[in-house]
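The basis for the numbers below is simple: all heavy atoms, side chains too, and nothing from hydrogens, waters or symmetry mates. Per chain, numbering begins at 1; letters A, B, ... match sequence-line order.
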2 protein chains.
Amino acid sequence: MDIAEVLRKNGYKVTPQRLAVFSAIDHNMTHPNAEAIYRTLQPRYPSMSLATIYKTMEIFAKIGVVQVLQCEEDAHRYDFNTHPHAHIRCVRCNNVVDVDMDQDALFKLAADQTGFRVDTVGISFTGICPECQKKE
Amino acid sequence: MDIAEVLRKNGYKVTPQRLAVFSAIDHNMTHPNAEAIYRTLQPRYPSMSLATIYKTMEIFAKIGVVQVLQCEEDAHRYDFNTHPHAHIRCVRCNNVVDVDMDQDALFKLAADQTGFRVDTVGISFTGICPECQKKE
DNA sequence: TTTTATGCAAACCGTTTGCAGGACA
DNA sequence: TGTCCTGCAAACGGTTTGCATAAAA
């Protein structure tokens, strides 16, 4: 299912800006933040505003096109991979990499221990990536 | 070891403000943010500024007196419990509760999978607490 | 007396919002 | 045509910073 169809199906209009933002994040493994997406699109869409990026990403998150990450950083990062998984960020180069992880066991542990009905879990590691380890 | 001693041992001066901030967080299970600490101390220390709270908490975090949490919220929260553990926040009442969890297995998983040297992990759940479930 | 801390106000930075003009359907 | 979207600029909220004054050692 392509993005135009998903937007329409959810009652949102299809605009060049939305298609452009999607093209910037689709299969993008760098987990960009709004600023990075903005810079990526700047050359080809010089009139696009940061506010539009934010508004678009909010919609994309709502309709399940992206996942919003909190990487113990100041800014949000976005992930086109909406399958539940963890992330690890290199504190030297700030690159973020996916970590596959079965979260069901964690959900159960938290629920059993606290009595909460558990909705979501965010797991973010920090460390030093292989490349930056070599440079040391 | 009391807080005055810890401060001195790390080269920081002991001031009434620092002792007051410590008293506000010591064995405080509510995981307060800076604003909440500020309001707590306001009656007894009306002249204390938010900036002092922030500066103090930064020192406390650096010398291992508190742990800084990122609860998928806007603001930082502080925890006097510096033992590694997870947190769960109720999306209705915003209360945050500790979750005991063995993090060594997660460290190993992330390291094996990514080649990172893993330093830290933050695990934050969201859900509905028992009290708010009853109200539904 | 020297050094560090405090409190104020202003700056910061990522994000959100209001709104007039423009684009989609 | 009616509704939704865009881009701008201003607002926002948590946090940080610079600096003059005050307090600790």
Side-chain angles (χ1 to χ4, degrees), chain A residues 2-22 24 31-42 44-63 65-66 68-78 89 94 96, chain B residues 2-22 24 31-42 44-63 65-66 68-78 89 94 96:
Chain A
D2 81 319
I3 185 65
E5 210 172 323
V6 176
L7 283 168
R8 263 190 293 268
K9 193 154 290 183
N10 285 276
Y12 296 105
K13 294 189 171 167
V14 178
T15 68
Q17 288 89 340
R18 288 177 182 168
L19 298 178
V21 170
F22 182 75
H31 307 85
N33 57 19
E35 185 68 33
I37 297 169
Y38 179 71
R39 283 197 310 269
T40 302
L41 296 176
Q42 196 67 349
R44 261 191 303 171
Y45 303 85
S47 76
M48 175 153 357
S49 72
L50 244 186
T52 296
I53 312 253
Y54 278 112
K55 288 167 184 168
T56 302
M57 295 315 290
E58 193 185 346
I59 291 173
F60 282 0
K62 195 180 299 177
I63 65 182
V65 169
V66 300
V68 183
L69 272 71
Q70 225 120 12
C71 287
E72 324 234 338
E73 268 187 321
D74 27 3
H76 297 155
R77 285 170 175 255
Y78 302 96
R89 177 172 60 87
N94 272 316
V96 173
Chain B
D2 80 320
I3 185 64
E5 211 172 322
V6 176
L7 282 169
R8 263 190 293 268
K9 193 156 289 182
N10 285 276
Y12 295 105
K13 295 189 171 167
V14 177
T15 69
Q17 287 90 338
R18 288 175 182 169
L19 298 178
V21 170
F22 182 75
H31 309 84
N33 57 19
E35 184 68 33
I37 296 169
Y38 178 70
R39 282 198 310 269
T40 302
L41 296 175
Q42 197 67 348
R44 260 190 303 170
Y45 304 84
S47 76
M48 174 153 3
S49 72
L50 244 187
T52 298
I53 312 253
Y54 278 110
K55 288 167 183 167
T56 303
M57 295 316 290
E58 192 184 346
I59 291 172
F60 282 0
K62 195 180 300 175
I63 64 182
V65 169
V66 299
V68 183
L69 272 71
Q70 224 121 11
C71 286
E72 324 235 337
E73 267 187 322
D74 29 1
H76 298 157
R77 284 171 176 254
Y78 303 96
R89 177 172 59 88
N94 273 315
V96 173

- Query: What residue among A:Leu50, A:Asn33, A:Thr52 forms side chain to side chain contact (heavy atoms under 4.5 Å, CB included) with A:Tyr38?
  - Reply: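 Of A:Leu50, A:Asn33, A:Thr52, side chain to side chain contact (heavy atoms under 4.5 Å, CB included) with A:Tyr38 is met by A:Leu50 alone.
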
[X], nearest nucleotide to its side chain (from [options]):
X: A:Met48; options: D:dG7, C:dT3, D:dC5; answer: D:dG7
X: B:Arg18; options: D:dC5, D:dT6, C:dA5; answer: C:dA5
X: B:Ala34; options: D:dC8, D:dG2, D:dT15; answer: D:dT15

- Task: Tell me what B:Ala75 touches on the nucleic acid: a base, only sugar-phosphate, or nothing, going by heavy atoms under 4.0 Å.
- Result: sugar-phosphate

Would you say a side-chain N or O of [X] is under 4.0 Å from OP1 or OP2 of [N]?
X: B:Tyr54; N: D:dT16; value: no
X: B:Ser47; N: C:dG7; value: yes
X: B:Gln17; N: D:dA23; value: no
X: A:Thr15; N: C:dC24; value: no
X: A:Arg8; N: C:dC24; value: no
X: A:His76; N: C:dT15; value: yes
X: B:Ser49; N: C:dC8; value: no

- Message: I'd like to know if A:Lys55 reaches the base of C:dG18 with its side chain, counting only an N/O donor and acceptor under 3.5 Å.
- Response: yes

- Item | Residue whose nearest DNA chain D nucleotide is more 5′ - A:Pro46 or A:Ile59 | A:Ile59

- Working to the nearest 0.5 Å, report the span between OH of B:Tyr12 and NZ of B:Lys62.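 The NZ atom of B:Lys62 is 4.0 Å from OH of B:Tyr12, to the nearest 0.5 Å.
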
- Query: Measuring from A:Lys55:NZ to A:Gln17:CD, what's the distance to the nearest 0.5 Å?
  - Reply: 11.0 Å

- Over 12 foreign heavy atoms within 6.0 Å of CD, B:Gln42: yes

